[in-house]
Every structure is written in structure tokens, then in C-alpha cells.
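Report on one structure; see the data block that follows.
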Amino acid sequence: MSARVALAGVYEHPTRWAPDKTSSQIMAESARGALQECGLALKDVDGLFAAGMEMGAMGVVQLAEYLNLKPRYVDGTNIGGSSFVAHVRHAAGAIQAGLCEVALILYGSTAASNAMAIGTAGRAGSDPAAGFVSPYGLTTVGGYAMAARRHMHLYGTRSEQLAEIAVTMRRHAALNPAAKMRQEITIEDVLSSRVISDPLHLLDCCIISDGGGALVVTSLERARDLARPPVQLLGSGEAVWHQEIGAPDMLSIAASQSGAEAFRTAGVSHDDIDFAMIYDSFTITVLLTLESLGFCKPGEGGDFVSDGRIGLGGALPLNLDGGGLSSNHPGMRGIFLVIEAVKQLRGECGDRQVEGAETALAHGTGGLLSTLHSGATLILGRDR
Amino acid sequence: MPEKYVYVDGVATLLRHRGPTTLPEVAPDTRRGEVVLFLHGAGGNSGEFGAALDGLASDHSPLAFDMPAHGRSAGLDSLGSIEEMADFARRLVDKLGLRPLVLVGHGLGGFVAQAFALTSPERVRGLVLIGAGAHSEVPAEWIERWRRVTEGKEQRRLPLEGFAPDTPREVFQRAFPEFLKTDPRARYGDLRAAQGWSAADRLAELRAPCLCIVGEHEREAATASVDALLERAPTARKVVLPGAGHEIPSEQPEALTRSIHQFLGELAR
């Protein structure tokens with residue numbers, strides 16, 4: 001990478017239930033939070049990046065109008081929940097190319113108070129393959145459940161191992177005052193919660209909340225003059241993965257491509273990663289992502305997540321905010337992966353702080369594993 | 001129907017009213033007749049009072065709101081106690097600058113209304129209690145069922161105990177979408193808040209006129225609790241609605257409105 005780029009400001013909207021707000025309002029409040037944090041104002045923003053559940057084709061244009069903003073660079077790429085992770089990479093490219101200087105990345109949604117059925121809804125029917133799949137009733141959770149069942153079939157992975165992920169995320173959420181679900185749960189609780197799509201139980205699935213957030217990306221040089229310690233973008237990757245069920249393989253996911261590129265461009269190894277923020281739409285998402293990113297071999301994910309390895313104090317703590325399984329999941333969650341990673345690297349996470357964290361990985365997944373999905377990976381580091 | 005958000009201690013609270021809409025931070029016009037504030041039941045929301053608001057609006061100033069974490073108000077958990085809920089209602093009344101009013105409470109809302117009236121008698125002109133008596137008698141198995149729902153061990157289903165036998169389909173069609181608007185955690189918290197609550201010792205102090213509206217098919221324990229209230233509160237009287245269960249606002253909105261309307265007329269005399 002040429003000129004270095006950094007995250008200068010982040011803001012996670014504290015709401016989890018906002019029936020009195022619109023998604024635009026949540027984005028605007030988040031923008032104010034992130035800009036104020038680093039000492040910038042809306043007038044400093046010249047790049048606008050956004051995607052959303054409630055945003056149509058002209059969504060970013062409408063958002064610019066809502067914010068009374070005239071950016072010289074806009075990007076409305078929507079590759080599902082991972083979009084905002086990819087936006088950081090896109091922003092870095094634009095900043096390095098001189099196309100903008102201060103990029104604002106936004107997400108906001110009232111998925112919960114609008115009673116959106118996200119995981120149990122059918123697959124959107126506009127792509128050519130959907131016409132052959134939708135009539136059989138595949139849902140979002142169904143796509144993930146197939147991958148989970150396949151993993152169990154091939155490698156003997158057990159529901160208890162998937163449950164370990166949900167239990168760990170809840171333990172982290174209990175340390176996060178803003179998390180939606182904070183009451184600790186046990187493996188038994190996960191296994192005895194009702195089955196949503198076999199083999200995934202209710203507590204294997206992310207929650208649905210309202211919420212949003214904002215990221216401010218600029219050059220490392222500029223970020224060093226701002227109010228908060230900058231967090232440097234060390235490397236990144238993005239990928240979109242197969243259209244057809246089972247091709248090339250249900251367990252081969254986009255993270256294998258985006259992760260390899262992120263590690264290559266960052267020039268770091270897996271051992272350098274102090275903690276990771278892994279998109280946890282479902283417990284199986286985390287397990288497959290860890291394997292595909294190369295933290296363990298295919299089939300070893302079940303053992304990898306056991307014995308406290310992914311909890312605070314473990315070898316690779318994951319999703320310290322409680323993740324989508326327990327803290328918040330307003331439909332698309334990628335932005336929160338980056339926000340928590342930045343806060344952790346700045347050392348401002350209190351009870352849930354990973355001590356001495358210097359390097360982090362954030363990986364977002366969008367769409368449905370087993371079919372059409374995307375992956376975006378960032379490797380972030382403290383400014384040294 | 002006009003709805004607006006009122007911020008009570010920072011909680012976005014959905015308020016339903018009638019008459020002209022008003023700008024944010026401007027209270028609706030409540031100059032007509034009696035000010036009537038509706039309090040919904042456990043896990044409910046103010047949507048159940050839509051017909052009653054319509055029916056009273058020509059002569060009075062009816063208002064209804066969603067408790068925190070219910071319906072379309074902000075918040076994630078039940079306030080957790082009847083007294084907290086009464087305090088919240090009082091702060092809403094302060095915020096709106098309402099004159100002394102009539103409280104109409106359904107089920108748990110009826111307990112909240114009693115707690116409000118016993119603590120601030122000077123602010124309450126009358127009470128209407130729908131399927132609510134002197135004390136709560138929440139069966140332990142209801143609480144257990146909703147605990148299981150909050151833990152994902154049971155699917156949430158519209159509780160049918162509250163409806164009279166032979167309830168027509170349209171009533172369920174109205175009640176079901178309202179039921180879905182509240183997180184099961186809030187209902188669970190409400191039921192626990194109601195558990196063991198009693199005003200029986202204090203009811204002799206109740207000065208405001210009180211109308212108890214009870215469905216013919218109300219559960220026996222609840223009917224007994226209403227009779228206990230009538231024994232202790234000298235100002236209370238009872239009407240029984242034939243054919244109704246506990247969900248009177250959904251089951252018989254017209255009959256409910258008529259009873260309230262008549263009660264309000266008597267207050268004025």
C-alpha cells in the first residue's frame with residue numbers, strides 16, 4: 001500500500017430499540033458522534049460511504065441530501081452485512097488515489113422496531129439462480145443451517161461446540177453495558193432453545209436490534225493531528241462467492257480469499273493477531289470463518305472454539321462487544337466489527353478490554369453461506 | 001389517529017391522542033371534558049384502546065401511551081414494579097402538564113392506576129379498572145411459560161386464557177399484531193412485577209370514584225380480587241360485561257366505551 005490510511009473516529013449508536021427514529025436519523029446521529037469524537041465536522045467530509053436494509057438504489061444520494069452534504073466521492077456498494085468492512089478498504093483506495101480526504105462510512109437501521117424477519121425470510125429472487133432455489137423455500141437461516149449440517153457430517157462437529165460460541169459471546173455481552181442481551185447462558189440453554197433451522201437453535205442465531213454506527217477514515221498523517229489515537233489499516237481483502245448451492249463446496253467461503261489477501265497486504269501472520277471481530281450472524285458463521293481465514297484447518301473449528309480459546313483472556317478472543325449473537329444486529333453488522341476493533345486497539349473498552357492488544361482482524365460476511373455471499377477482511381493495528 | 005413521541009426521562013414514549021396533531025414537544029389539546037389516561041396490561045400496548053379513544057373523543061380528552069419496552073416506546077425491559085410504572089405515568093402526566101384526570105387501567109394497568117391514585121390522590125378524579133382487583137393473582141405457570149419463551153425454549157403464542165369462549169375471529173385478528181409488538185422479555189418482567197402485588201391494605205384511603213368493569217368469563221381468582229376491592233373501597237362499584245373475558249378492550253370495545261362514557265358523565269355531576 002502506498003500512503004498509509006487510518007481510522008480516525010468511530011461511533012456506535014447506543015440504541016438497540018428506536019421506534020421513534022428513522023434509519024437516516026440513526027445514521028446522522030452516528031455521523032455526529034464519530035466526527036465529534038475526532039474533532040472534525042461534517043464540512044470536513046468529502047467522501048460518503050453507506051449501505052442499508054432500508055436504502056434503495058439512490059440511497060446514498062438521499063443520505064447525502066439528508067446530511068446536507070456534497071461529497072466529491074460516493075460509494076453505495078452493498079454486498080450484504082460485510083459492506084462496511086469493504087467500505088473501509090474502498091475508502092483507503094480513494095484516499096490513496098487523492099479522490100477524497102475524509103471518508104465517512106455510515107449504517108443505521110430500525111430492523112427490530114420495524115419487525116423485519118431477516119433470518120427467516122426467503123432469499124431475494126432477482127438473481128438468475130434464485131428462480132431455481134426460492135420455490136423450495138430456502139431461508140437465510142436455512143442456508144447457514146445447511147453449512148452447519150455439512151460440517152457436522154464431514155467432521156463430526158457437535159452442537160455443543162457451536163453453542164460454545166454463543167455462550168462466549170453472551171459472556172462478553174454481559175461486560176458491555178450497551179448490549180441487548182446481557183444475561184449469561186450455558187451450553188445447555190443453547191441446546192434446549194427451540195430449533196429454528198436444524199441444526200441451528202434460537203440461541204445459535206443472532207438477535208435483531210435497531211442501531212447504527214459511523215467510521216471516519218482519513219490518511220494516517222491527518223489522523224495523527226486529530227483528537228483520538230489513530231488506528232492504522234494494515235491490510236484488507238474482499239471477495240464474492242459462488243452462486244450455486246454446493247459449488248464449489250458448501251464449506252468453502254469467501255473469507256478464504258479475502259483473508260489471504262488481507263494477511264498478504266498487511267504482512268502479518270496469524271500469530272500476530274491479538275483478537276478478532278468475526279461476523280456472527282449464526283454460530284456456524286464464526287466457526288467456518290475461523291477455518292477459512294486459516295486460524296485452524298478445515299474441520300478443526302469445533303475444537304478451536306472450545307476450551308476458552310475465543311473468550312476474553314483466551315488465545316484468540318472474539319467479538320468482545322458480545323457480537324451479533326448478543327449485543328446488536330440491526331440487519332447488517334459489519335460496521336460494528338470495525339468500531340469495536342478500533343476501540344479495543346485504543347484500549348478504551350474497560351471490563352472487556354483485551355490487554356495490550358496491538359493488532360486485530362475484522363471479518364464481515366454478507367448474504368447466505370452455502371449460496372451467494374461476500375466476505376471482507378481488514379487487519380488493523382495501533383499506530384506505532 | 002394522531003400519535004406522537006413524548007420524551008419522559010429520555011425514554012421515547014409513544015402517546016396516542018385525538019384531535020389535531022401538534023408539533024414535537026407541544027402537548028396535545030386536552031381542554032375538552034375529562035382528561036382520561038389509559039394504562040395497558042402486561043405485555044400490551046396502547047393500541048388496544050383505539051376504539052375507546054375514538055368513542056370518547058367528542059366529549060372528553062382521551063390519551064393512551066405505551067409503557068417503556070412495550071409497543072412502540074423505547075426501552076428493552078419492563079420497568080419491573082407496579083410502583084415504578086405508576087411513577088412513570090406520573091412523570092408523563094407532569095410532562096404533558098395535565099390537570100387532575102381519570103385513569104383507566106386494564107389488568108396490570110389497573111394495578112398501576114390504583115398505585116397512582118393512592119400515592120397522588122389529589123391528581124386523580126376517577127378510576128376505571130378493567131379486569132383488575134385489589135391484588136394480583138398471576139398464576140405461577142404463566143410466569144414460568146414466559147420465562148421459557150424469553151430463554152428460547154418455547155415459542156411465543158398469543159395467550160388465549162384472556163379471551164371468552166366463542167371469541168370471534170376478528171377479535172384475534174385485531175389482538176395478534178398488537179401482541180407481537182412487545183418483546184416477550186417485557187411481558188415476563190410485567191408478570192413478575194404484578195406477582196404478589198396488593199393494594200388491599202390501602203384501599204380504604206381511596207377517595208376517587210372507582211368503576212370496576214369485569215367480563216362475565218373473567219377467571220375466578222380475578223373476579224374474587226375485584227370483589228375484595230369492592231369490600232374495601234367505599235367509592236367503588238362494579239359492572240359485569242356479559243360475554244366478555246379479560247381482554248375487554250379487544251373483545252368489546254363499544255361496550256367498554258359506553259361504560260366509561262357513562263362513568264365520566266356521573267363524575268361531572
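Every chain is numbered from 1 and lettered A, B, ... according to where its sequence line falls, protein lines coming before strand lines.
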Which bit of B:Thr13 comes within less than 4.5 Å of chain A, counting heavy atoms only: side chain, backbone, both or neither?
neither
Heavy-atom cut-off 4.5 Å, strictly under: side chain, backbone, both or neither for B:Glu154 against chain A?
backbone
Kindly give the heavy-atom pair with the smallest separation between [X] and [Y], and that separation in Å.
| X | Y | value |
| --- | --- | --- |
| B:Arg185 | A:Lys180 | NH1-O, 3.1 Å |
| A:Leu202 | B:Gly152 | CD2-CA, 3.3 Å |
| B:Leu76 | A:Trp17 | CD2-CB, 3.8 Å |
| A:Ser192 | B:Lys153 | OG-CE, 2.8 Å |
| B:Ala74 | A:Pro19 | N-CG, 3.9 Å |

Can you tell me if [atom1] on [X] sees more than 12 non-hydrogen neighbours from other groups inside 6.0 Å?
| X | atom1 | value |
| --- | --- | --- |
| A:Gln183 | CD | no |
| B:Arg156 | CZ | yes |
| A:Glu65 | CD | no |

